[in-house]
Amino acid sequence: MDRREFLKWQLISLIFCVIGPRFSWSFPEKGSKVVAVKGEVSKALEAGLKELGGIKTFVSEDSRVVIKPNMSFRNPPEMGTTTHPEVLKALVNLLSATRPKGIKVLDNTLTDPDACLKNSGIAHALKGLPVDLKILKSKADYQEVKVQGKVLSSLDVMKDVLMSDIIISVPVAKHHSSAGVSLSMKNLMGLIYDRSSFHYKYDLHTAIADMANFLKPKLVIVDMTRALTTNGPSGPGEVAIMDTIVVSNDMVAADAYVTSKVKWYGKQIEPFKVKHIKVAHEMGIGMGDLSKVEVIEKAV
Amino acid sequence: MKLLNSAKWGIFTLFILSIWSLDTQFHDLSLSPSLIYLDPIWHIIGFIEKRPITFHLIIFVLIIIATLFLGRFFCYYVCPLGSSLDLFAKIKGFAKKHGILPPSKAKALEIPHLNSVIFVAIIVAAVMGLNLGHLTSPVSISSALFGLFLSPIKWFKRGYLNPWLHLFSLLLPFLLAQKSHRTWCIHICPTGWLLGFISSIGGLRLIFSEACNSCGKCQYICTMNAIETNDRKAIKANQCHLCLLCIENCPQHAIKFEKLTLGEGLIGSATLGEFTKERRQFLLGGLFGLAISGVATQKGVFSGDYIRSIMPNDLIRPPGALPEQTFELLCVRCGLCMANCPSNTLQPLGFQNGVLSLFTPVLVPRIGACYPDCNLCGEICPTGAIRKLDLVEKQWAKVGTAVITKERCIAWEWEKRCLVCDEACPYDAITMVEISGIKVLVPIVVESRCNGCGACEMSCPVYPQKAIQVSPMGEIRLASGSYREEGKKLGFTLGLKTKGLATGQEMPPGFESD
């Protein structure tokens, strides 16, 4: 390589570095698909993923996977405030069959971490499985990143998340008295250090959409085995047994679908009444209009 | 020798493990509440204050009887503070040997024998209704030392407030450990003085045989300054703690045990002379005790009732804490409740409530909430200063009331959608209401449902001063009887959150109404 060639390559790489990040890869996935499968958890999950092309379309041998369940409350699974441990167990079993580089289950819980893990049954269910179950509450585990959002300009995201290849958001279907619903988008707030500023600094809903746009889980699994329809997010409230697992490649579509399926406070509520779903749809993060989403409902 | 030494370190390990197992999954196995009763001084103060007698009395009886016959063995073989001082000296010696620390130039500390003064002062103060024993009780000091200051959980996981205040009280024995690392045990420790006094009455002691050639090696080795070889060869029974180093190291094998009948020791040897010398110190101690308790418990400028009746805003005592005066009297500052608190909300108090409340436990809701499904502080408290409550009683044991500062609240003042306090409250003591002129729902406290647990204050996003804070107002402090009945009498309904029902609004909370 002579000097001229060296300089030429330098110029090319400089141009690439400057222009490259300007391109946005965040346009909505083509063909948003929501699969809702009724039945026994592990079978339903497998059947749902099969409709999306199987777990291997999302996770390969080189992937570092982050699973974000909702385990922020020190309540038993029956109360519907945390993701059911069976769902996580089934998911981890499926994932570990593809032998990814690492599977991490992460959260920044609202209350005492040990009590959350114990009472939600998640620590027990994941015991012995090849996962790294971590609750990170120390600032040192987070790194500030710049985001170009409508209201957010920076976020403190878990370092483990930044180093991962795929985030799988595994929320439980529940009501949230500030955010309307707490589903796959709201669930992602557990990967952020400073959540309270979402409440006091910004409009909560727009902040959720901004954050979801940055984190962008490629796969969403909503635990709709039961849904907390009132008095969310901490409960206790009415719990509707629904025995359904919702799998999707589009978090906005999944959240819209679940919102439309559950009767919140006994009412049928349109997805766009949840402001963060509406904002996310308008920002083009995903497809919130269910008429344009391919919805598959089945039972196993 | 080896067997005895391994027994000593075994007891020490048991003590440390008992305390370090707190706040872990093994906390049920911990012996620590019983271990506090190793210190005879707590039994004596307990008698004076007419505390209920528990089966722990047997520890006291055993130690006193054993001391009568064996001498001050407690200080070497049982006392956790003594063992930690020995360990400290070993570490220091190791560091000096390997050049990590410079070789010692320390001279023996010239301090008077304060132990009898302190002992008498503590007893007199206890009679006057003031608890000073915790300042010098070796077991309290070591349990707070290993439970808070040197606890791996506090260091690496939880942290605690006011550690620098602990520097003075907990580390004093280690700061005094200069030439003889047992300086504190010889000159300060009142428990050690009591045991020394009893053992000078007693039955077994070390004496020199004729083989002794006054080489002075034993005097050099003795950590308790118990050996005199100069003019009068004697081993002071009231200071010897039977570590047996002198026997092991004597080149002439000239030190041996001698049996005495009870009382003979007191009359026969030097101790009687010392006893009369100590009479003056007794009087001095009594005066000290009277003076301190007089100043502390009477109305006056120095933390008398006049000043102390001004309660600090954040003096929130743990659920089941006895009425304040009895609580301070019974609390031995062992720190076990704080070491065992799973949400770390129990923290040692600083000087806010006067010197006399130093290191008593308070709830600090900004660190953690006192969750309704936990009653561990009462379970572990060795003296009953915090009552043992079942979970229902605990939920009724109101520790304070949450107060919203509307000017700070981001829903009231900034019109932001925030319901974090409502979300966090386990007792359903916060309701979100519609107020005309404010665009969002705002929180209000239902005082009769509030337990004061502090979950709201912990979660409130407002900073630096929270918009919702727990204040001790409305706390229920009972010396006996049911909190539930008392609470009902006062018109409270303290219970866990019940299922929320559909409100009369157009849309459920959180959804867009337009």
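These numbers come from the heavy atoms of this one structure, side chains and all, not from hydrogens, waters or symmetry mates. So you know, we letter chains A, B, ... as the sequences are listed, proteins then strands, and number each from 1. Nothing here was measured: the structure is a model prediction, and the numbers come from that model.
- Neither the backbone nor the side chain of A/Phe198 comes within less than 4.5 Å of any heavy atom in chain B.
- Per-residue heavy-atom pair counts under 4.5 Å with chain A were compared for B/Val462, B/Ile410, B/Val440, and the maximum is reached by B/Ile410.
- A salt bridge links B/Asp373 and A/Arg74; the closest N-O separation between the charged side-chain nitrogens and carboxylate oxygens is under 4.0 Å.
- Only the side chain of A/Asp114 comes within less than 4.5 Å of a heavy atom in chain B; its backbone stays farther off.
- Neither the backbone nor the side chain of A/Arg195 comes within less than 4.5 Å of any heavy atom of chain B.
- The distance from the NZ atom of B/Lys416 to the CG atom of A/Asp203 is 7.5 Å, given to the nearest 0.5 Å.
- Of the atoms belonging to A/Asn75, not a single heavy atom falls under 4.5 Å from chain B.
- Interatomic distance, B/Gln25 CD to A/Lys118 NZ, rounded to the nearest 0.5 Å: 9.0 Å.
- Heavy-atom neighbours of A/Lys263 NZ from other residues, nucleotides or ligands within 6.0 Å: at or below the threshold of 12.
- The 12-atom threshold is exceeded at NZ of A/Lys137, counting heavy atoms of other residues, nucleotides or ligands nearer than 6.0 Å.
- No side-chain heavy atom of B/Glu423 sits less than 4.5 Å from a side-chain heavy atom of A/Ser177.
- In the displayed structure, B/Arg484 atom CZ is contacted under 6.0 Å by at most 12 heavy atoms of other residues, nucleotides or ligands.
- Contacts between B/Met432 and chain A at a heavy-atom distance below 4.5 Å are absent for every atom of the residue.
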